[in-house]
Amino acid sequence: MAALVGAVFLAALGFVARVNGWWGRLPFVDRTRVATDGGHAHEPGSGLAHKPSGITRWLTTVDHKDIGILYGMYGVIAFLWGGVSVMIMRFELFTAAETYISPEMYNALLTSHGITMLFLFGTPIIAAFSNYFVPLLIDADDMAFPRINAIAFWLLPPAALLIWAGFFTIPLDIAISPAQTSWTMYTPLSVEQSNPGVDLMLLGLHLTGVSATMGAINFIATIFTERGDDVTWANLDIFSWTILTQSGLILFAFPLLGSALIMLLLDRNFATTFFAVEGGGPILWQHLFWFFGHPEVYILVLPMMGLVSWILPKFAGRKLFGFKFVVYSTLAIGVLSFGVWAHHMFGSGMDPRIRASFMATSLAIAIPSAVKTFNWITTLWNGKVRLTAPMLFCIGFVANFVIGGITGVFLASVPVNLILHETYYVVGHFHYIVMGMIAFAGFGAIYYWFPIVTGRMYNRKLAKGHFWLSMIGVNITFFAMLLAGYFGMPRRYATYSDFNPELAPLTEITFLHQVMTAGAVIIAVGTILWLLNVVWSWKKGGKVTDPDPWNTKEYGLHGREFAWFEQQLAATDGGETESESAVATDGGADGESVATDGGSEQA
Amino acid sequence: MNVRRILPVAVVGVLALVAVEPAAAQSSINDELITDLNTTLLYAAIPIAIIVEAILIYAVVKFKNNDDPKPTRENRRLEITWTITTAVVLLFVGLASYQVLAVEEVGTPIDSEDRIEPAVSEDLEGAVGPYEDETNAVEVEVEAYTYAWESHYDEGAVTARNEIRIPANRPVYLHIYSSFWLHMLHVPELGLKQSAFVGEYNTIKTEAYETGSYQFYCTQYCGAGHSQMNGEFIVMEPEAYDEWLSEQRAQE
Amino acid sequence: MSIETDDGRGHGHDSEHHLPAVEDWPKGFGEASWWPFISALGGSGFYIGAALYVLGQGQSPIVSPVAGGAVFVLSTFVFLTGLYGWLYHAFIVDFWEGEAADFGFPLKLTMLLFLATEVATFGAGFIYYFFIRAGSWSDLPPIVADGEVLSTLVIANTLVLIASSVTIHYAHHALLNGDRTRFVRLLGATLGLGLVFLAGQVYEYYEFIVHLGFSLTDGAYGTAFYGLTGLHGLHVSLGAVLLSILFIRALYGHYSAEKHVSVSTVSMYWHFVDIVWVFLVVVLYVGAIV
């Protein structure tokens, strides 16, 4: 069985490698606009090529756009492995008994799915968008530290190799197996499992933390110091605001996790007592982990809320309603997110007074979240809603957030938490957030910016099919999980055949598991449509010649990134003279139509 | 179109209510309090969810390709209104939860002057004994390890494996601990949950109303045998319980 | 107004797109540099080395026990090469042509942000210590029970580190006042004091481990003691490396009253490390015996 999973994994990698190799031959690699970076006049000698060609270009690039694409490729590869791993698990859970993977392999996949999706997909895919677009949105030449930006990315591939090492070594048949710690790595389990695959994973995780922290420092420095002359705090776009807040969270969350991981490694290898009973105890790990872990949720979701706040108004035909309040709520969530961690530990026997205060903060954080939802809905009201693929994903995002958010309130209530904690309810709740929101916003943003990045348009029909399959699949799969939680189904169970059918609602649970698997298949089909669409359209999609493919100028919502895109198109048309493009660069040409997402009016 | 989308949501919502509703016969004080709270919250949450989703869908359908879009005009009053409304709803959730949490069966029994020493067999901190006036209280030690459960009665005189027995209608104190790794006792139908730590007791309290057998689970991921760490939680008639206990004592 | 802050190069006219990596190898491109890739390769190599070290331990090692160390040493060279190339092309190659005032703020802000992450890094270790200090706090090693942990050596070492904070402060002042000789001397003194501190720490470890038999695995306190002092020692060592770079560049004539950003940032870092030490002495040494 292990060999089979290894083979599936290698096949997945091979597939990805083919996509990757294929992508190297994409026409856009040699597009003039990239090679000349817009054809502006440059001081260090005209005629100087900016980038080498071929693979060297990608290994040496310090251009934020290229690094954004690298992050994106990386995130997609991780997303595919995370998806493959969960599909294997879902098929195993289709029946109650152990069918074709062992509990050990199930636990390894469970661990890998969580770690991969959060650390290797979530954070990098956000970095892909922020790297490519934040400098464009704030009118900066590049990141504040282009080389640190590149270093931060290149730390990630080795990190993934370390994290997945246990799977690579399966065919070798040596004494390294994939970590089976679950993504929360609770001690003493994570200290006492002697498998060195755990050490490799911890080292890899630490490396991703270093990378994320470098990126966060870079983004704060960029947004503080690299803004163009006419980009002020008052008219800073909403996506940059959320990236700024997210970076602030990373600043404190990831280094703390890094220290905790090192402490865990020391406990494993040098017999220290950080999390031993005679030392800090297992509860210390839980405190440190969740002090990182809960802000991590907001690290992933805040920028995605920013993307939706940026894209949704474009297709609502009017500015974001309550721009200031959306910014305030972002900051409020950022601050509060550090004060809610213990709601993951309500069952651990904490002092009831402490539990009550964490319940209060956990409920309070729902207020700014609700404010955002109402602002998005009001933005649609009285607008002109155009149901393009990015818009559908934004609406799906809001719809899923309503369910994901309200189910979260139940978990914040300590008494209700006691029956739902560590059941499928929790899994359903946070998948509404991570899949229903984070992935949805990611898909929406990929469709929205596809013309800028590739110069081509995706296939609209496939994209809409992708949306409907995802939306239906998500709601089937994760709603079934909520119900299974109410039936008492504990999470992280490799099998459920051990339940006593006389006592446990085994029939209902089995049925719900089968529904979940069916829903997961629907999501998978949707995702395959997306992948095919993106790959095909990147190569063969219709060329975008209109600098305003979404007709946002009509509504005065033309973003800076599309204004930049217009300059690129103008520069590569060939007919333009140097002086004409210089005018465009001065920012005068489109000054009127460059919308700042609603902030400027009040300023 | 919108009706077709709202309908399933409503149906599923009602189903969700039904799913939790059959607990008409409350099995324990914990279950009674928590289920009531959960039902109350669902009665608020499901309409709110349906209304918000309906407004969202209505807005999308109604303003789809709208010929007469109006520019966004800020409305501070509206912002403040929905902020306060949300806060009030959540305040209600908080107060309702806090009331339930204040009951020591749902919250945690806290050591105090008017309690007797807990009757436990291990020399560990953390256990809380019954009140002096709870003369009919029963104390059971629940030990978890990788991968099984043991229940100990009468300060370790009687031990049972993968089953926990308690009498109905008497205050019961469960002193939970682990002798290897971290585990968590979860009896969903009785509303009981508590982590089992190595080296310390954690006490939870309950009083069961109905006799019967319930499935209990380990809900703290603990490795390869996690899915097998289940057992039977048996609520007996008080007399039957006493009888069983003395029988066991005689055998040991 | 856009400024590339990690390379100290002047920027052209406002309307022109600035190229970040004109001097870097490979030569002849504006947005290509091997240095990040090489630095990241070396940086990841530390982790690969640590991984191989783990695999080389135990009864039946999976790889040769020396593999980890070898990769670690090799990675150090690769990392330093990348770092050198990066810093050289970003900051040094045309140090005097850059416009000082423009990129001072971003770099100082960045150091401040980095120090914020350091608070979290140290925070985890201190939280462990507070956990055990407020917890059972039993099974203490004799060194704590006898109060020996707070020795004259520690007090002397603390004074040395505080003195080094004072010297770097006045070194910076001397530079701002245009007194180069005094600047170089005080900078050298700071570096010297830093090295004395490190030597003192090594001597303390030696005394504790060899003579008093108190080591990393000596109960909960041993873990806290060596974990926190070790983490701090690593930071002082990094500080000493930074000070050495400053010192060598100062000897080569770098820095002036107008161009002193790296003196400011290293000074910030050094003060931070100093403050952490004072806090550490108060809670870990004094706090253990009161």
Side-chain angles (χ1 to χ4, degrees), chain A residues 37-38 40-44 48-52 59-63 140-142 144-148 150-151 154-155 158 162 174-176 196 199-200 203 207 213 217 220-221 224-226 228-229 251-252 255-256 258-260 263 269-274 278-280 284 288 582 585-586, chain C residues 1-6 12-22 26 28-37 39-41 43-44 47-48 50-51 54-55 57 60 62 86 90 105-106 109-110 113-114 116-121 123-125 127-128 131-132 139 216-217 219-220 223 227:
Chain A
D37 202 19
H40 304 177
H42 294 291
E43 71 282 20
L48 177 75
H50 290 198
K51 294 164 188 173
L59 297 180
T60 60
T61 185
V62 292
D63 176 6
D141 281 350
D142 203 307
F145 304 99
R147 293 182 189 80
I148 291 184
I151 294 179
W154 286 112
L155 292 178
L162 284 168
I174 51 178
I176 309 172
D199 298 292
L200 305 193
L203 285 164
L207 200 49
T213 310
I217 292 177
I220 298 179
F224 264 84
T225 66
E226 299 286 312
D229 286 337
L251 224 47
F252 293 97
L256 190 108
S259 282
M263 286 151 79
N269 293 293
F270 296 98
T272 51
T273 62
F274 286 110
E278 65 271 26
L284 174 64
L288 291 180
T585 327
D586 283 336
Chain C
M1 192 51 228
S2 308
I3 312 140
E4 291 305 334
T5 43
D6 81 340
H13 303 296
D14 284 354
S15 61
E16 285 167 346
H17 188 91
H18 177 74
L19 294 174
V22 178
F29 302 103
E31 299 190 278
S33 168
W34 276 110
W35 304 126
F37 186 76
S39 308
L41 200 66
S44 319
Y47 289 78
I48 308 281
V54 170
L55 298 182
Q57 301 299 300
S60 48
I62 297 163
W86 164 29
F105 171 65
L109 171 73
T110 302
L113 295 171
F114 172 67
T117 71
E118 291 286 69
V119 170
T121 303
I127 289 166
Y128 163 72
F131 249 70
I132 60 164
D139 205 12
L216 175 68
T217 49
T223 295

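Every chain is numbered from 1 and lettered A, B, ... according to where its sequence line falls, protein lines coming before strand lines. Bear in mind that the values here come from a model prediction, so they are computed numbers and not experimental data.
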Exercise. How far apart are the closest heavy atoms of A220(C) and G279(A), and which atoms are they?
Worked result: CB-CA, 3.9 Å
Problem set entry | Distance-minimising heavy-atom pair for A32(C) and V62(A) | N-CG2, 4.1 Å
Problem set entry | Heavy-atom pair of closest approach, residues L155(A) and G43(C) | CD2-C, 4.5 Å
Seminar exercise, completed: For L109(C) and A221(A) the tightest heavy-atom approach is CD2-CA, 4.0 Å
Problem set entry | I151(A) side chain reached by W35(C) side chain, heavy atoms, under 4.5 Å | no
Exercise. Can you find a pair of side-chain heavy atoms, one from T217(C) and one from F270(A), that are under 4.5 Å apart?
Worked result: no
Exercise. Which bit of L162(A) comes within less than 4.5 Å of chain C, counting heavy atoms only: side chain, backbone, both or neither?
Worked result: side chain
Problem set entry | T223(C) (side chain) donor-acceptor with T273(A) (main chain) under 3.5 angstrom | yes
For this session: Sort T213(A) into side chain, backbone, both or neither according to what part of it lies under 4.5 angstrom from a heavy atom of chain C.
Result: side chain
Exercise. Minimum heavy-atom separation for A120(C) to F252(A), with atom names?
Worked result: CB-O, 3.3 Å
Exercise. Under a 4.5 Å cut-off applied to non-hydrogen side-chain atoms, are F224(A) and T110(C) in contact?
Worked result: no
Problem set entry | Atom pair CG/OH of L284(A) and Y128(C) - distance to nearest 0.5 Å | 8.5 Å
Problem set entry | Region of I217(A) in contact with chain C, defined by heavy-atom distances below 4.5 Å | both
Problem set entry | Inter-residue atom distance L288(A).CG - I127(C).CD1, 0.5 Å rounding | 5.5 Å
Problem set entry | Partner chain C: residue of I174(A), L59(A), L207(A) with the largest heavy-atom pair count (under 4.5 Å) | L207(A)
Exercise. Which pair of heavy atoms, one from A124(C) and one from A260(A), lies closest together, and at what distance?
Worked result: CB-N, 4.5 Å
Problem set entry | Winner by heavy-atom pair count (cut-off under 4.5 Å) against chain C, out of L256(A), N269(A), I176(A) | L256(A)
